[in-house]
Amino acid sequence: MANAAGVGKTLTFGEGGTAAALAALAVLSIIITANAWTPEYGFHAFLFFLGSIAGVFAIFSRYHARPAAPVAQEIDGKPNYNMGPVKFATIAAMVWGIAGFLIGVVIAAQLTWPALNFDLQWINFGRMRPLHTSAVIFAFGGNVLLATSFYVVQRTCHARLAGSIAPWFVILGYNFFIVIAGTGYLLGITQGKEYAEPEWYADLWLTVVWVVYLLVFLTTLWKRREPHIYVANWFYLAFIVTIAMLHLGNNATIPVSIYSPKSYIVWSGVQDAMVQWWYGHNAVGFFLTAGFLAIMYYFVPKRADRPVYSYRLSIVHFWALIFLYIWAGPHHLHYTALPDWAQTLGMVFSIILWMPSWGGMINGLMTLEGAWDKLRTDPVLRMMVVSVAFYGMSTFEGPLMSIKAVNSLSHYTDWTIGHVHSGALGWVGYVSFGAIYCLVPWLWNRSRLYSLKLVNWHFWISTIGIVLYISAMWVAGIMQGLMWRAYTALGFLEYSFIETTEAMHGYYAIRTLGGLLFLTGALIMAYNLWMTIRSSELAESAAARPQMVPAE
């Protein structure tokens with residue numbers, strides 16, 4: 001083929017192969033749209049058709065716009081990094097994050113004042129709650145992990161991201177999955193599995209995207225110019241590989257028909273429960289812990305301008321965490337039909353997890369040795385350090401709650417909600433915010449953030465919100481557990497269910513306020529980032545920046 005200038009130019013394998021695959025998917029999707037058993041499934045099939053056609057159009061538009069010569073891997077002896085997908089994922093993370101936090105405030109308000117359900121099936125708590133969890137975990141958190149992993153692997157390997165179409169396919173394909181999953185919840189399409197609600201066709205799409213993600217990451221590591229693989233990349237790799245394994249195991253389903261959204265899981269009974277919480281707890285362990293520890297190991301030293309406190313400890317932390325976490329899932333099934341030995345196994349491994357978790361926390365905090373004064377002047381670093389402190393607190397509380405005697409009081413109560421949100425808002429949220437605050441000036445070549453004062457406001461407003469939220473849920477949860485197990489002298493339950501619910505009202509209102517404050521902080525952050533991108537103040541050259549001291 002030839003371009004307008006007459007210079008020979010051909011489609012690359014990635015361009016041609018991806019375009020052909022998307023064209024085939026478009027044909028299949030329009031057939032399913034015409035024959036779908038339900039209008040909701042037909043709508044999703046039509047979205048796949050539109051997405052596939054848009055993908056083919058984008059590939060050929062890119063082909064006609066690009067030069068005939070392949071993209072240079074290096075320019076003047078320096079890596080020619082591909083930061084386009086990183087920029088997109090960074091912006092997507094903030095958009096999805098604000099949407100997820102807003103939905104969280106809405107469902108907290110619905111629990112406080114049930115009239116806010118408005119008797120509408122599309123926005124009732126049952127459908128909005130999985131939309132909230134998926135938006136904050138997989139949409140916000142997932143895009144943060146995609147952005148940071150693609151950034152970190154390039155910078156630490158001194159190599160351009162592998163492929164030209166593949167990185168964009170990963171970012172755009174993952175966000176398309178989020179759209180399918182989110183609209184599915186509102187339309188009532190769900191397989192009812194915690195953290196794994198999307199149906200079979202969305203799961204298949206995510207599997208394809210995730211395999212490409214793994215290949216891009218591995219190939220970038222393979223062509224690295226640095227002989228050493230930095231520890232953050234080990235954590236990212238563990239996150240990618242283990243999530244793939246969990247996804248395939250927990251979502252092994254048989255569709256009723258290609259024209260139906262409904263499927264049936266291959267597991268049944270207690271086996272299904274065991275696989276579900278093997279998946280559920282390790283989604284926390286490898287998506288919300290290992291991936292975000294990778295962020296900690298890159299961005300905290302980078303922001304503090306200090307090497308990791310102990311590189312040896314980081315390696316011990318990695319292997320201990322990876323080996324132990326995978327066995328902890330059964331602690332979600334205490335006092336169920338799961339065999340007692342399996343319950344005890346989950347409890348024991350959860351308790352042992354204290355050691356590697358706190359080893360990682362100590363490593364992160366001690367990285368600031370000799371730079372503690374920066375916490376007074378750098379609210380971004382302060383946010384990331386507080387996130388590490390929340391990580392330590394959550395990884396103390398989690399093993400404590402896995403002990404059977406404690407679990408008999410805490411399970412099914414709002415104590416668990418408080419625990420989850422201390423980790424989600426304090427650990428995952430803050431380390432993500434810190435990483436994004438670092439990334440935006442770097443990616444858009446700005447000398448600094450628009451306003452550190454706004455970062456300070458974000459930090460304090462959201463911190464007050466987190467404290468209100470988790471404190472209210474801790475108190476409410478313990479009160480719930482004690483009320484549920486209270487008996488009269490005659491052996492009857494002392495409190496009815498409605499009495500317990502009424503006792504929660506004040507705490508639920510405080511939780512709503514806490515969530516609203518957290519959302520307010522995120523809106524302040526979005527404004528700050530937008531003004532940073534719009535700024536015309538360019539960064540100094542890389543050669544003028546101070547160089548970090550090598551790790552031990």
Side-chain angles (χ1 to χ4, degrees), residues 136-137 141 145 195 231-232 234-236 238-239 242-243 246 277-278 280-297 299-300 308-310 313-332 334 345-368 383-407 410-411 415-432 434 463 466-467 469-471 473-474 477:
V136 293
I137 297 173
L145 289 170
Y195 306 137
V231 66
W234 285 102
F235 278 94
Y236 280 127
F239 140 69
T242 310
I243 290 300
L246 296 168
W277 284 109
W278 167 74
H281 190 75
N282 288 296
V284 174
F286 288 87
F287 199 96
L288 296 177
T289 302
F292 290 91
L293 283 170
I295 295 175
M296 180 195 80
Y297 272 119
F299 286 90
V300 171
V308 173
Y309 172 67
S310 172
L313 180 57
S314 69
I315 299 300
V316 173
H317 175 208
F318 171 80
W319 286 111
L321 196 80
I322 296 314
F323 174 75
L324 295 172
Y325 228 121
I326 205 77
W327 303 96
H331 76 224
H332 286 268
H334 284 330
L345 179 77
M347 179 184 74
V348 169
F349 274 90
S350 299
I351 295 169
I352 299 173
L353 267 171
W354 259 326
M355 292 180 284
S357 298
W358 274 42
M361 176 196 68
I362 292 167
N363 211 7
L365 291 177
M366 292 304 294
T367 296
L368 268 77
M383 187 171 276
M384 288 194 283
V385 168
V386 170
S387 80
V388 178
F390 269 108
Y391 170 66
M393 182 177 69
S394 299
T395 53
F396 174 85
E397 187 183 23
L400 175 70
M401 294 171 72
S402 75
I403 299 170
K404 287 186 177 181
V406 179
N407 193 268
S410 71
H411 208 42
W415 185 356
T416 302
I417 309 303
H419 164 66
V420 166
H421 283 80
S422 69
L425 303 180
W427 158 236
V428 173
Y430 270 9
V431 79
S432 298
T463 298
I466 295 172
V467 171
Y469 191 118
I470 62 180
S471 299
M473 290 299 95
W474 284 336

Check the surroundings of atom CH2 in Trp474: do more than 12 heavy atoms from other residues, nucleotides or ligands lie under 6.0 Å from it?
yes
Enclosure of Trp234 CH2 (heavy-atom neighbours >12, cutoff 6.0 Å)
no
Backbone N or O of [Y] within a donor-acceptor pair of the [X] side chain at under 3.5 Å?
| X | Y | value |
| --- | --- | --- |
| Asn282 | Trp278 | yes |
| His421 | Ile417 | yes |
| Thr367 | Val308 | no |

Which atom of [X] lies closest to which atom of [Y], heavy atoms considered:
| X | Y | answer |
| --- | --- | --- |
| Ser402 | Pro399 | OG-O, 2.6 Å |
| Thr416 | His411 | OG1-CA, 4.3 Å |
| Ile470 | Met393 | CD1-CE, 4.3 Å |
| Pro356 | Leu324 | CG-CD1, 3.8 Å |
| Ser314 | Val231 | OG-CG2, 3.7 Å |
| Asn407 | Met401 | ND2-O, 3.1 Å |

Please report the interatomic distance [atom1]([X]) to [atom2]([Y]), rounded to the nearest 0.5 Å.
| X | Y | atom1 | atom2 | value |
| --- | --- | --- | --- | --- |
| Phe235 | Ile322 | CZ | CD1 | 6.5 Å |
| Phe286 | Phe292 | CZ | CZ | 14.5 Å |
| Asn363 | Ile315 | CG | CD1 | 10.0 Å |
| Ile351 | Ile403 | CD1 | CD1 | 4.5 Å |
| Thr395 | Met355 | OG1 | CE | 12.5 Å |
| Phe349 | Ile326 | CZ | CD1 | 11.5 Å |

Which atom pairs, donor and acceptor, lie under 3.5 Å between side-chain atoms of residues 422-431 and protein residues at least two apart or in another chain?
| residue | atom | partner | partner atom | Å |
| --- | --- | --- | --- | --- |
| Ser422 | OG | Ser394 | OG | 3.2 |
| Ser422 | OG | His419 | O | 2.8 |
| Trp427 | NE1 | Leu288 | O | 3.1 |
| Tyr430 | OH | Phe459 | O | 3.1 |
| Tyr430 | OH | Ser462 | OG | 2.7 |
| Tyr430 | OH | Thr463 | N | 2.9 |
| Tyr430 | OH | Thr463 | OG1 | 2.6 |

Non-hydrogen side-chain atoms of [X] and [Y] separated by less than 4.5 Å:
| X | Y | result |
| --- | --- | --- |
| Phe390 | Ile466 | yes |
| Ile295 | Leu145 | yes |
| Met361 | Phe396 | no |
| Tyr391 | Leu293 | yes |

Is there a donor in the side chain of His281 and an acceptor in the side chain of His332, or the other way round, less than 3.5 Å apart?
yes
Is there any side-chain hydrogen bond (donor to acceptor under 3.5 Å, both in side chains) pair reaching into residues 348-358, and which pairs are they, with sequence neighbours excluded?
His331-Ser350
